[in-house]
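Shown next, in structure tokens, is the structure this report addresses.
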Amino acid sequence: MRTDRCGDLRVGDVGRTVTLCGWVDRRREHGEHLAFVDLRDRSGVVQLVVDGAHDLRSEFVLRVTGTVRERPADTANDALATGAVEVDAQAVEVLAAAEPPPFPLDERTEVDEVLRLRHRYVDLRRPRLQRNLEVRARVNSAVRGAMEEQGFIEVETPMLVASTPEGARDFVVPSRKEPGSFYALPQSPQIFKQLCMVGGVDRYYQIARCLRDEDLRADRQFEFMQLDAEASFVSQDDVLAFISHAVAAAAEAVTGVRPGEIGRMSWEEAMERYGSDKPDVRFGMELVELTDVFAGTEFRAFQAPCTKGIRVPGGADTSRNRLDDLTERCKRWGAKGLVWMRVTPDGLDSPVAKFLTDDEQAGLRTAMEAEVGDLLLLVADERRTARHILGLLRLELGRPPVTEGGLHFLWVVDFPLFEALDEAGNPIPAHHPFTMPHEDDVHLLDGGDLLAVRSQAYDLVLNGWELGSGSVRIHRREVQERIFSLLGIGPEEAQAKFGFLLDAFRYGAPPHAGFAFGMDRLTAILAGEENIREVIAYPKTQSGADPLTDAPTPIDDRHLEELGLRVLPPAE
RNA sequence: GGUCCUGUGGUGCAGUUUGGAGUGCACGCCGGCCUGUCAAGCCGGAGGUCGCGGGUUCAAAUCCCGUCAGGACCGCCA
């Protein structure tokens, strides 16, 4: 149908007769016999010169044959890749008329997102999404290439799987042949990839669709894509190297620059310095340890297991209103309160300054390297609470936009094996129950401090986003049984939940380790987007609806009956 | 489950604090003029359930209550 793409035409094409197809991007009429029409396809736009264009309206689909010619002197458009040439249209065929679009297709109008989603097919024509889909395709391609270079082979795993009680809420699919039974859609191919290892596929990867029925966020959709990988006979360092190579290839494919080696930080250090297991290290404002400064304080609020603070450089002009708002926010996050102090030439301006001795005030200023004009924010609480609140506060006050500060990948290693104890005193796994404990901490499993046990689990973080996580897996039956027993999972329960994996391990399981990271998140950051919806062709809203198709929708009674289902009336 | 923000012609906004006639801006749309524009320009025109429901008031886009939709976040996401 066409000989060229609009955006490809250059001075070298002058004199050629070309046929182009595309949409009317814009039209400029100059009387009955001269008009300019910008014709757009995925490659870009080119200016057509048309004898009368009154019937060529916005977004009409055209097929145009004409001669490429150099633009007259002084009429070239440097802002356009094709700006030195134009196409003198001899034949214009309207392939499809179009109603005026529901919103402007230009780049400068920020359109309501529901409207964009309802007319996503129009939105996709806009430069932003055209660009983002291309970034996404490049990231996918680069990651695949990088994994295959390293000897990984792609294996697909099923979408209809058995529900497991662990982890996120499952999406379920009713079985017609076995009414009352359900498949689950996979939260990840975790167990299947481990079975691949037992099956001798010693380097597996897949760009896998994963589904979790949890509340949506800027960085979370019900369904998302993960680069899922697993390898046999490898160490943690090997896995980090494989994945580092893959994300570096993706970054290079988009930015043209290959990132340097990715640094590592222990989970404990990340929590102490940033109050987060996914620290955004693009900016400072690190958490400062102040417990010792107030060790003997008379001030009751600071007589806590842990006192930490952050320094907001130049923040002393923060209004009382804003400080009250931050205090409220901290309380909602679970803090008992927030202590603020403005550093002024006359000392610390704070409601609590009078409760602190001169030594304490001096010690505080030294520890925090406070300068006149700064704002100091302190939280005293249990250590995990103080870290958490200040970590959130730090992001609230200092986090730069996604497009600023460059790309800061970071490996967070040595995660704890257990994140807490439940009411029954059983530990709760921080990652998943197949995670191998750190070799140096295995002895703690027998009567030691369980919460101090580190694991061979690791996360990859990019600019404060958790890209993904992985671990060295337990491949020895006795270790797995020990973990299950600590978790309060008896042999029968273990067999019921993970029997097929445990069975598989009887038949010769190689030591193995793996990782998975979110392709949507990686793509969003590389595309300079704050929200993964901008790099997904057909995303859902925060409530999980699709304004384009109106999903989810009710199904008819006959369909329900066939599946053996009955819908309850809505709860009051 | 919770907190906060937003909702005004097709689109993006202002107007809401301090109630007084659907008032304004830009884009788009329709018609006309216009032979070198490129966010073309000029003239004219059409287009409104101020998200929805209730309340207060002589009077509500504006104040109050509820509700719906969207967004950000906390919880949740092994």
Side-chain angles (χ1 to χ4, degrees), chain A residues 25-39 45-54 57-59 71-80 82-83 86 99-119 122 164-170 187-188 190-191 210-222 224 325 328-335 388-389 391-392 395-396 399 415 417-420 427-435 455 457 466 469 471 483 487 489 497-498 516 518 530-531 533 540-545 547:
Chain A
D25 194 59
R26 212 175 286 278
R27 178 189 57 163
R28 296 174 291 281
E29 284 187 275
H30 290 259
E32 207 177 335
H33 293 294
L34 176 67
F36 301 101
V37 171
D38 291 338
L39 192 68
V45 300
V46 68
Q47 173 167 287
L48 309 176
V49 183
V50 183
D51 179 2
H54 199 61
R57 299 304 173 109
S58 277
E59 300 306 312
R71 293 198 189 184
D74 298 331
T75 63
N77 184 353
D78 295 339
L80 221 55
T82 60
E86 60 192 9
E99 291 179 19
F103 49 83
L105 297 192
D106 64 64
E107 197 146 14
R108 58 212 154 83
T109 312
E110 187 91 11
V111 181
D112 177 70
E113 205 178 343
V114 187
L115 196 64
R116 291 174 57 201
L117 292 179
R118 184 168 299 135
H119 302 278
V122 173
T164 52
E166 264 66 33
R169 199 175 293 115
D170 282 324
Q187 296 181 22
S188 78
Q190 182 63 39
I191 290 181
C210 304
L211 299 106
R212 295 175 192 174
D213 186 4
E214 296 292 347
D215 288 354
L216 277 40
R217 289 287 164 77
D219 61 353
R220 276 165 26 193
Q221 285 271 301
F222 282 153
F224 56 99
D325 172 57
E328 270 312 300
R329 211 173 283 230
C330 287
K331 286 179 178 169
R332 284 200 297 268
W333 288 335
H388 180 60
I389 303 298
L392 291 172
L395 292 176
E396 168 78 23
R399 186 169 203 173
F415 269 65
L417 188 61
F418 306 113
E419 63 176 26
I428 301 165
H431 190 53
H432 59 61
F434 317 116
T435 305
S455 67
E466 182 193 322
S469 60
S471 62
I483 295 292
L487 294 175
I489 300 175
K497 285 179 178 171
F498 311 111
E530 306 271 3
N531 193 305
R533 291 190 299 271
K540 293 187 174 47
T541 65
Q542 199 166 67
S543 64

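In what follows, chains carry the letters A, B, and so on, assigned in the order in which the sequence lines appear, proteins first and then strands, with residues in each chain numbered from 1. Below, all heavy atoms of this structure are taken into account, side chains as well, without hydrogens, waters or symmetry copies.
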- Ignoring backbone atoms, test whether A/H30 places a side-chain nitrogen or oxygen under 4.0 Å from the OP1 or OP2 oxygen of B/C33. no
- Could you tell me whether the side chain of A/R71 and the main chain of A/A76 form a donor-acceptor pair under 3.5 Å? no
- Message: So, using salt bridge (Lys or Arg N to Asp or Glu O under 4.0 Å) as the criterion, who are the partners of A/E466 when residues are at least two apart?
- Response: none
- Task: Would you mind classifying the nucleic acid contact of A/D74 as base, sugar-phosphate or nothing, using non-hydrogen atoms under 4.0 angstrom?
- Result: nothing
- Query: If pairing requires Watson-Crick or G-U wobble contacts with both distances under 3.5 Å, which nucleotide is the partner of B/C25?
  - Reply: B/G12
- Message: According to side-chain hydrogen bond (donor to acceptor under 3.5 Å, both in side chains), who are the partners of A/H54, at least two apart in sequence or on a separate chain?
- Response: A/E29, A/R57
- Task: Please identify each residue that fulfils salt bridge (Lys or Arg N to Asp or Glu O under 4.0 Å) with A/R332, with sequence neighbours left out.
- Result: none
- Record whether the side chain of A/Q47 comes under 3.5 Å of the base of B/U37 through a donor-acceptor pair of N or O atoms. yes
- Query: Expressed as a whole number of Å, how far does the C1' atom of B/U18 sit from that of B/A60?
  - Reply: 14 Å
- Partner set under ring pair (Phe, Tyr, Trp, His ring centres under 6.0 Å) for A/F498, not counting sequence neighbours: A/F434, A/F484
- Message: Looking at the base of B/G41, is there any donor atom on it, or on the side chain of A/E29, that sits under 3.5 Å from an acceptor on the other one?
- Response: no
- In Watson-Crick or G-U wobble terms, both distances under 3.5 Å, what is the partner of B/U35? none
- Mind checking salt bridge (Lys or Arg N to Asp or Glu O under 4.0 Å) for A/R399 and listing every partner two or more places apart, or none if nothing turns up? A/D280
- Message: Using Watson-Crick or G-U wobble geometry with both distances under 3.5 Å, which nucleotide pairs with B/U67?
- Response: B/G51
N/O-N/O pairs, protein side and nucleotides 73-77 of chain B side, under 3.5 Å:
from, atom 1, to, atom 2, distance (Å)
B/C73, OP2, A/A218, N, 3.3
B/C74, OP2, A/R217, NH1, 2.9
B/C74, N4, A/R217, NH2, 2.9
B/G75, OP1, A/H388, NE2, 3.2
B/G75, N7, A/R217, NH2, 2.8
B/G75, O6, A/R217, NH2, 2.6
B/G75, N1, A/D215, OD2, 2.8
B/C76, O2', A/E214, OE1, 2.9
B/C76, O2, A/R220, NH2, 3.1
B/C76, N3, A/R220, NH1, 3.1
B/C76, N3, A/R220, NH2, 2.9
B/C76, N4, A/R217, NH1, 3.2
B/C76, N4, A/R220, NH1, 3.1
B/C77, O2, A/R220, NH1, 3.1
B/C77, N3, A/R220, NH1, 3.2

- Query: Taking atom types as they are modelled, is there a donor-acceptor pair under 3.5 Å from the base of B/C30 to the side chain of A/R57?
  - Reply: no
- Query: With sequence neighbours excluded, what pairs up with A/R533 under the salt bridge (Lys or Arg N to Asp or Glu O under 4.0 Å) test?
  - Reply: A/E113
- Its contact letters, B for base, S for sugar-phosphate only and - for none at protein heavy atoms under 4.0 Å, make nucleotides 5-11 of chain B read -----SS
- Query: Checking A/S58 side chain against A/P100 main chain: does a donor-acceptor pair fall under 3.5 Å?
  - Reply: no
- Apply ring pair (Phe, Tyr, Trp, His ring centres under 6.0 Å) to A/F36 and list each qualifying residue two or more places apart in sequence or on a separate chain. A/H30
